[in-house]
Amino acid sequence: MSMETSLIELRERILAANAARAPLRLRGGGSKDFYGEALAGEVLDTRGHVGIIDYEPSELVITARCGTPLAEIEATLAQHGQCLPFEPPAFGDDTTIGGAVAAGLSGPRRAYAGAARDFVLGAHLVDAQGELLRFGGQVMKNVAGFDVSRLLCGSLGVLGLIAQVSLKVLPRPREEISLRFDADIADALATFHRWRAQPLPITATAWHDGAATVRLSGSPSALHAARATLGGAPLNDADARTWWLGLRDQTYGFFRDDNQPLWRLSLPATAPIDISGGDLIEWSGALRWLRSEAPAAEIRATASQLGGTAMLWRGARAASMFHPLSPIQLELHKRLKRQFDPHGIFNRGRLSAEF
Amino acid sequence: MPLAVALPKTAAQVREVLRVCHALQMPVVARGAGTGLSGGAMPCADGLVLSLAKLNRILELDPIACTARVEPGVRNLAVSEAAAPFGLYYAPDPSSQIACSIGGNVAENSGGVHCLKYGLTVHNVLGLRGYTIEGEEIVLGGGALDTPGLDLLALAIGSEGLLVVVTEVTLRLIPKPSVAQVVMASFDDVAKAGDAVAAIIAAGIIPAGLEMMDRKATVAVEPFVQAGYDLGAEAILLAESDGTAGEVADEVAEIERVLKAAGSTGCVVSQSEAERLRFWSGRKNAFPAAGRISPDYYCMDGTIPRKHLGRMLRAIEEMEKKYALRCMNVFHAGDGNLHPLILFDAHQEGEWDRADRFGADILALCVALGGTITGEHGVGIEKIGSMCVQFTPSEREAFFAIKRAFDADGLLNPGKAIPTLHRCAEFGRMHVHDGQLPFADLPRF
């Protein structure tokens, strides 16, 4: 298979690193340097390997090299009335599509439209031996071989360099409206859950500081009907945009204050509110942000008990970032790592201190 | 014939069976309802069949969380039936949904006619609980949306029983749309129908279902189900819209406008639920109809980029001449997933062999057009040769690397889904194309 010059250069660095057993730190724009356990090794900058390779709006697929800026992809899609439905967060202007997929994070729409991994159709991987491996493809349905492209989404680069990705895209909603309600946390959660079980065009929910906000997306008639059912006060378009982008990219004030550790709790949406101060809630209750000085072990034990996990998102790192894996999961992770990257050159220690 | 069959009733019994088999180094083939179309659950002679049919309880249905926790032997349709009183349903609806089991759906990452809008099994499963071949319990995903570490849940779904044995599945339920209507459009040319599919998508519409049948298919099913298909049309499209009443009215009008602009010779919109189901009945009965008009049929499952639908149909016509066999075409057109049904008679000398080569040609063309050899039926044993067309030796080695991480001794469903180098060399010998030796990069044995 022929390779572009920019990919050949990356591959040569990988081969040299593998031969020298020297760790590499795969990095795009670096907007998510904070995300992971540890940064180790010499930086392998992916931003030389750029460009949208293929995009035909009627195929609902975009294929791009890993170093392509997320902003370029979003602008290209917007020109054709389409979008990345999982609303990948951009924690800076330099976010690349490779980094977005490697991190696998999703924005406010995640609980309604799906996560990053749900929209990954294919990926190219360069492994530690410098082999270019193609998984998945550019089609909507593909069950040939194991679903490695989805495995790579959220892998934080520990299995190899994600050189190229193909993502499913969707039409942008014809219209959007955001409604705000005064509500305490319990009322807000109960309301979100009630709405969840009804055929309403909801694409985002949040609660913070005594107010619940809900976004509706779809055809004008669907929005009109839903608005009549839900009530609430509409936000103007600029405020609505600022609000949801503020949550997606964490530019909203709540996320900026780093005086107290910020915990990201992934819980069943219906988990009770027994961690006090559940400070900001998204995804109908499935994502809860918590500012707390409580010991990590205590927060994690509570999250586990509620059927979820707790990530130490920002703030002084007195514990691991990620919720610990079960022993069998950890063993499988180590075995997969050994198979793809026997000398541990890719993002060593980023996903777990154990590999 | 397998050496033995185990019919456990509980997850604990599944674990014990796996421990014993692991200790004895005996292959294990997990099996659900056996409705699969690629031989993925075919027993192996020196192994054990682990039937999960008796693990058939719906453990919990939570109408507030919109989830169902079920055992793998629960039938697909039974989930939606149980959820119906709460106005909820389970979206993936393979044609075999009255019989196929959730465990089998997980193994194959099954789709259905509504997956363009509502996704495949992988998009609708929140969590799995099961065992490794060593009998170690493993929990992947669950009630929460994000879990730490690598996405082993996505890896396990569609792994065709090669990685873990599943004993519990947490499914996402969604609210049933209040209204659904289907537009049935006729075309005097299959390529125009293919273009109309692209036009609908380009107009920003994601129909709940978007299916195409060619004339050979409509002629075969019409006497069987009286769906009211236009038998003069070279192809018909079925486009479904669902949602609130207003939303559906808007979308149906827009679909009709696009279809007419794309050259449809006639459009009919279902006016009642009975009529909507009647329009769909022909599509859903295409496979049995093929069985009615031909002693045997061979169902293919390739996926291609939508833009190549017309080209693929023309190529299939050429192949019909080349192999002197008929082929009727039904497609999940919205996602480019083709189900050509090659009609043959196994009692006629050489017909099965021709059908087999016809199928392999279609799949090779799917790959050449940028698609895949299987969209939703899985590789199993049937398409294992075609895997060599789609993946390089290094890519197949990566699949084996994953297999080794989960099942170092290769005991779970051996011989399925991922072909060995040797197997591909064998397939290569059978499949010399245009006089060129395929897979020149493979060592020969």
Side-chain angles (χ1 to χ4, degrees), chain A residues 56-60 81 110-111 114-115 117-118 131 133-135 137-148 150-151 153-155 170-171 193 196-199 218-219 221-222 224-225 266-270 283 286 307-309 311 322-323 325-326 328-329 332-333 335-336 339-340 351, chain B residues 63-66 88 108-109 111 116 120 123 136 138 142-152 154-155 158-159 175 177-178 198 201-202 204 206 243-244 246-247 250 303-307 335-337 370-376 378-379 387 390-391 394-395 398-399 401-402 404-406:
Chain A
E56 280 180 67
S58 69
E59 296 291 325
L60 297 178
R110 189 262 178 268
R117 62 92 122 157
D118 292 318
E131 293 280 356
L133 310 170
R134 307 148 312 147
F135 300 106
Q138 295 182 296
V139 289
M140 295 294 134
K141 289 161 94 178
N142 186 351
V143 293
F146 297 130
D147 199 343
V148 182
R150 286 199 171 90
L151 177 71
C153 184
S155 69
L170 285 177
H193 298 153
R196 190 65 205 271
Q198 295 170 26
S219 73
S221 55
H224 185 76
S266 173
L267 301 177
T270 50
W283 302 356
T309 55
M311 190 194 294
F322 298 117
H323 197 100
L325 297 168
S326 69
I328 175 73
Q329 282 238 28
L332 287 169
H333 276 68
R335 288 190 212 159
L336 282 167
Q339 291 288 344
F340 279 84
L351 192 61
Chain B
I64 298 171
C66 299
L88 302 169
E108 304 297 325
N109 190 16
L116 181 65
L120 307 160
H123 302 108
E136 295 276 352
I138 181 160
L145 291 177
D146 285 357
T147 47
L150 296 169
D151 196 343
L152 301 185
L155 185 64
S159 64
S178 28
I201 307 282
I206 304 293
T244 61
E247 206 174 2
D250 291 353
T303 306
I304 55 171
R306 275 179 291 264
K307 62 185 168 189
D335 21 49
N337 185 200
T372 178
I373 59 167
T374 172
E376 58 182 357
V379 174
M387 282 290 282
Q390 187 164 339
F391 295 102
S394 315
E395 288 154 4
F399 293 142
I402 291 169
R404 282 194 298 272
F406 281 81

At a heavy-atom distance under 4.5 Å, which candidate from [options] has the highest pair count against chain A?
options                           : answer
G142(B), S394(B), G111(B)         : S394(B)
A65(B), A398(B), S159(B), G149(B) : G149(B)
P63(B), C66(B), G158(B), A202(B)  : C66(B)
T303(B), I373(B), T244(B)         : T303(B)
L145(B), I304(B), L155(B)         : L145(B)

At a heavy-atom separation under 4.5 Å, does [X] approach chain B through its side chain, its backbone, both, or neither?
X       : answer
A111(A) : both
L325(A) : side chain
L351(A) : side chain
I328(A) : side chain
T270(A) : side chain
T309(A) : side chain
R117(A) : side chain
A286(A) : side chain

#### Entry: K307(B)/E59(A) salt bridge by N-O under 4.0 Å criterion
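Salt bridge flag = no for K307(B) with E59(A).
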### Message
I'd like to know if D335(B) pairs up with K141(A) as an ion pair, taking the criterion as any Lys NZ or Arg NE/NH1/NH2 lying under 4.0 Å from an Asp or Glu carboxylate oxygen.
### Response
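Between K141(A) and D335(B) there is a salt bridge, with a charged N closer than 4.0 Å to a carboxylate O.
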Looking at [options], which has the largest count of heavy-atom pairs under 4.5 Å with chain B?
options                            : answer
V139(A), L170(A), D147(A)          : V139(A)
M311(A), Q138(A), Q329(A)          : Q329(A)
G307(A), C153(A), G145(A), S326(A) : G145(A)

### Message
Can a donor-acceptor pair be found, under 3.5 Å and without considering hydrogens, that links the side chain of H323(A) to the backbone of T147(B)?
### Response
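No, because the side chain of H323(A) does not come within donor-acceptor range (under 3.5 Å) of the backbone of T147(B).
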Which region of [X], side chain (C-beta onward) or backbone (N, CA, C, O), has a non-hydrogen atom less than 4.5 Å from a non-hydrogen atom of chain A, or is it both or neither?
X       : value
I64(B)  : both
E376(B) : both
L120(B) : side chain
P305(B) : both
N109(B) : both
T374(B) : both

Heavy-atom pair with the smallest gap, counting every atom of [X] and [Y]:
X       : Y       : result
G308(A) : A144(B) : CA-CB, 4.2 Å
P177(B) : P199(A) : CA-CB, 4.3 Å
L336(A) : A405(B) : CD2-CB, 3.8 Å

Quick one: pull up [atom1] in [X] and [atom2] in [Y] and give me the separation to the nearest 0.5 Å.
X       : Y       : atom1 : atom2 : value
E56(A)  : R306(B) : CD    : CZ    : 10.0 Å
I201(B) : L60(A)  : CD1   : CG    : 5.0 Å
S219(A) : E247(B) : OG    : CD    : 4.5 Å
N142(A) : Q390(B) : CG    : CD    : 5.5 Å
L133(A) : F391(B) : CG    : CZ    : 10.5 Å

### Query
Do I402(B) and F340(A) come close enough that some side-chain heavy atom pair is under 4.5 Å?
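They are in side-chain contact.
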### Query
Under 4.5 Å between any side-chain heavy atoms of V143(A) and V379(B), yes or no?
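In short, these two side chains do not touch, never coming nearer than 4.5 Å.
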### Over 12 non-hydrogen atoms of neighbours within 6.0 angstrom of NE2 in H193(A)
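Atom NE2 in H193(A) is packed in, count exceeds 12.
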### Query
Hey, mind stepping through F399(B) and F135(A) against ring pair (Phe, Tyr, Trp, His ring centres under 6.0 Å) and telling me if it holds?
CA-CA 10 Å; F399(B) 293 142; F135(A) 300 106; 5.6 Å; yes
### Query
Between the side chains of D146(B) and S266(A), does any donor sit under 3.5 Å from an acceptor?
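No - no donor-acceptor pair under 3.5 Å links their side chains.
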